[in-house]
Amino acid sequence: MKTRIKELRARDNITQVELAQKVGVRRETIVFLEKGKYNPSLKLASDISKVFEMKIEEIFTLD
Amino acid sequence: MLEIVNIIIMKAKRSSITSFIGSAVVVALLVYWAYQSEKPFDLTAYVIFGACILIVGLGLYFKIGNLKNVKAGLEPTDELSKRIKEKAAAKAFEVSIFMWVLGVLFFADIDPASKVMIGLGVMGMGLVFLITWLYYSKVGISDED
């Protein structure tokens, strides 16, 4: 799975820790998401999309 | 919100203190065992000692990592850490079953009573696995599990 999380964090000037705090996960989870090494649950994907005010499919794309 | 964060920090600290005390007890027992044992140590003793130190060390490493997360205002566990734990537990179960069976087959100098005990233990592991599998097949798994 590909994600635009790193790009969107840079756009909104949010650190990995801040994003992790906002969506209630550990920083390591954000690291794995950015590397495309973890597929988030629907809830987590939804929470992340709310932080960036975008649709889920605009942030996450399946390979 | 601040109250919830404080409760999480307190629970994590309590859990970490318990882990640190437990680890200290294990290390103290290992040292006592090493002191009481006949020297020089054979290879088995070194392997056991090394494995115990590794387990205690890794346990402390994960606990300290959790505590750092909590201090940074993050959750000590989340969906990914739970899935990793589940996967590790499943692998450990799989490997253990084979390890015990192979151990019983290839270590000829185990007395018959011990072989029966080990066999019952392996069967027990299989039974618990089947029962939990049936249970979760019926009730499903919620997001919180």
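Throughout, a chain's letter reflects where its sequence line sits, starting with A, and its residues are numbered from 1.
Residue contact with chain A, scored on non-hydrogen atoms closer than 4.5 Å, involves the backbone and the side chain of B:Ser81 alike.
Summarising the geometry, atom OG1 belonging to A:Thr29 is positioned 11.0 Å from atom CZ belonging to B:Arg83; distances are rounded to the nearest 0.5 Å. The CG atom of B:Asp78 sits 8.0 Å away from the CG atom of A:Leu44 when rounded to the nearest 0.5 Å.
For the residue pair A:Val17 and B:Leu74, the shortest heavy atom distance occurs at O-CD2, 3.6 Å. Closest heavy-atom contact between A:Arg26 and B:Glu75: CG-O, 3.0 Å.
In the hydrophobic cluster analysis, where Ile, Leu, Val, Met, Phe, Trp and Tyr join through side-chain heavy atoms closer than 4.5 angstrom, A:Ile56 is grouped together with A:Leu8. Both A:Leu33 and A:Phe52 are part of a single hydrophobic cluster, where members link through side-chain heavy atoms under 4.5 Å apart. Hydrophobic clustering (side-chain heavy atoms under 4.5 Å, transitive across Ile, Leu, Val, Met, Phe, Trp, Tyr) groups B:Ile48 together with B:Val56.
Around atom CD of A:Glu53, no more than 12 heavy atoms belonging to other residues, nucleotides or ligands sit under 6.0 Å away. Counting non-hydrogen atoms of other residues, nucleotides and ligands closer than 6.0 Å to CE of B:Met123 gives a total of 12 or fewer.
Put simply, the side chain of B:Glu79 gets close to the backbone of A:Ser41: a donor and an acceptor are under 3.5 Å apart.
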